[in-house]
Number of protein chains: 2
Amino acid sequence: MTTAAPRELTRNQSLVLGALTQAEGPLSAYTILDRLRDEGFRAPLQVYRALDKLLASGLVHRLESLNAFIACAHPDCHGHGMIAFAICGDCGQVNEFTDDAIRERLGAWSAANDFQTEKTIVEIRGHCAACRAH
Amino acid sequence: MTTAAPRELTRNQSLVLGALTQAEGPLSAYTILDRLRDEGFRAPLQVYRALDKLLASGLVHRLESLNAFIACAHPDCHGHGMIAFAICGDCGQVNEFTDDAIRERLGAWSAANDFQTEKTIVEIRGHCAACRAH
DNA sequence: TCGCACACGTTATAGCATTACACAATGTAA
DNA sequence: TTACATTGTGTAATGCTATAACGTGTGCGA
């Protein structure tokens, strides 16, 4: 997997990335929009267009099971092929991690089935230790 | 992981399951609704309520990256903890499979991080062999 | 100067999911 | 039997997520 061009960010892209970086958890596109109204954002498309670029460059990840977005937890080493997320349904905290064995197994399945992988989604939903401690 | 109670299906649940079984690929809730209008379905909630039960019993799976649903490909052995899907972005075909190594690695991460897993999502998006052959 | 690529702004619309209220059928404990 | 809880159902309204289809402006290489 290769890292996308780290081209300079535009104003809108920087604002969206900033909103996600400041947030302590994932944000929906519409929540981002609300948080950037003071900066002049008026329409969802302004957010989605910025997100498209940020996703392509690996600076932001999409959580499919949440329809939400989060800043990459490893801002220096984006671009690896498989990223997994553990999502606590109680506090909303997200833990980002990678696992070479999982990546290898998914790669093996793709090879065995002649399937060309474009994106891999691994998300585990559950309850974190802190929340389970009541 | 334990299989949910295989209680008898109601009429609505049977109709929704039937629509998904007949379909050759995943269906959105609104597509199911359209296909069941002749059976008397009028509102999205009729579909979503039936889907809730079918998902809980393992007869149907939700594809998070597609916001769509598909009948379980192994109707006899539902209830296993991790199911992976390979989704072709061209033809829409979905391949369902399991992998003990992946399940084991995700379980190891959960144990190491004191995370109680409730649901695991593994989806790979890409292009199947048939579609890549033009 | 022309044409192209890209980012941006706005309005409208499409697609996915839930809330809220009302009613009927069933099972069960008092 | 009465009272209550549970479960499934029907309908309308609403909310959340994402994209289509316009048009504008700017920078840059041919």
Side-chain angles (χ1 to χ4, degrees), chain A residues 4-20 23 25-57 59-70 87 89 92 119 121 123 125, chain B residues 4-20 23 25-57 59-70 87 89 92 119 121 123 125:
Chain A
R7 184 190 303 156
E8 195 101 3
L9 297 181
T10 67
R11 168 177 155 86
N12 282 5
Q13 290 160 19
S14 297
L15 286 168
V16 169
L17 179 58
L20 286 171
L27 299 181
S28 76
Y30 278 71
T31 301
I32 297 171
L33 173 59
D34 285 339
R35 297 199 181 180
L36 293 179
R37 293 225 183 254
D38 291 346
E39 308 292 342
F41 275 50
R42 318 297 314 266
L45 217 50
Q46 295 175 285
V47 176
Y48 282 110
R49 287 204 271 231
L51 284 172
D52 281 344
K53 295 297 176 184
L54 295 170
L55 290 167
S57 68
L59 292 169
V60 164
H61 304 301
R62 176 186 173 87
L63 298 169
E64 297 287 346
S65 71
L66 243 37
N67 291 330
F69 306 87
I70 193 168
I87 304 166
K119 188 190 178 189
I121 298 147
E123 299 179 14
R125 306 289 304 266
Chain B
R7 184 189 304 158
E8 195 101 2
L9 296 181
T10 68
R11 168 177 155 83
N12 281 6
Q13 290 160 18
S14 296
L15 286 168
V16 168
L17 179 57
L20 285 171
L27 299 180
S28 77
Y30 277 71
T31 302
I32 296 171
L33 173 59
D34 285 339
R35 297 198 180 179
L36 293 179
R37 293 223 183 255
D38 292 346
E39 308 291 341
F41 274 51
R42 319 296 314 271
L45 215 50
Q46 297 175 285
V47 177
Y48 282 110
R49 287 203 272 230
L51 284 172
D52 282 345
K53 295 297 176 183
L54 295 169
L55 289 168
S57 68
L59 292 168
V60 164
H61 303 301
R62 174 184 174 89
L63 298 169
E64 298 287 348
S65 70
L66 242 37
N67 291 330
F69 306 87
I70 193 168
I87 303 166
K119 188 190 177 189
I121 297 147
E123 300 179 15
R125 307 289 305 265

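Just so it is clear, the model here is predicted, and its values are computed rather than measured. Lettering follows sequence order; numbering is per chain, from 1.
Nearest to the side-chain atoms of Q13(B) among the listed nucleotides dT11(D), dT9(D), dA7(C) stands dT9(D).
Straight-line distance from the CG atom of L9(A) to the P atom of dC6(C): 16 Å, rounded to whole Å. The interatomic distance linking R49(A) (CZ) with dA21(D) (P) rounds to 14 Å, in whole Å. dG27(D) atom P lies 15 Å from atom CD of E8(A), rounded to whole Å. Across the protein-nucleic acid pair, L33(A) atom CG and dG15(D) atom C1' stand 15 Å apart, rounded to whole Å. The CG atom of L36(B) sits 15 Å away from the C1' atom of dT9(D) (whole-angstrom rounding). Summarising the geometry, the separation between CG on N12(B) and P on dA25(C) is reported as 15 Å, rounded to the nearest angstrom.
Counting non-hydrogen atoms under 4.0 angstrom, R42(A) reaches the backbone sugars and phosphates but no base.
For R11(B) against dG8(D), a side-chain-to-base donor-acceptor contact under 3.5 Å is absent.
Looking at E64(A) and R125(B), their side chains never come closer than 4.5 Å, going by heavy atoms from C-beta outward. Residues K53(B) and T10(B) have side chains not in contact (no heavy-atom distance under 4.5 Å, counting atoms from C-beta outward). At a threshold of 4.5 Å between non-hydrogen side-chain atoms, the residues F41(A) and I32(A) do not count as touching. Using a 4.5 Å heavy-atom threshold, the side chains of L59(A) and L9(A) count as touching.
Looking at E39(B), its side chain never comes within 3.5 Å of a backbone N or O of L36(B) through a donor-acceptor pair. Between the side chain of E123(B) and the main chain of S65(B), a donor-acceptor pair closer than 3.5 Å is present.
Contact check, Q46(A) against dC8(C): no side-chain N or O comes under 4.0 Å of OP1 or OP2.
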For this session: Determine, for nucleotides 13-18 of chain C in 5'-to-3' order, which nucleotides have protein heavy atoms under 4.0 Å from the base (write B), from only the sugar-phosphate (write S), or from neither (write -).
Result: ---BBB

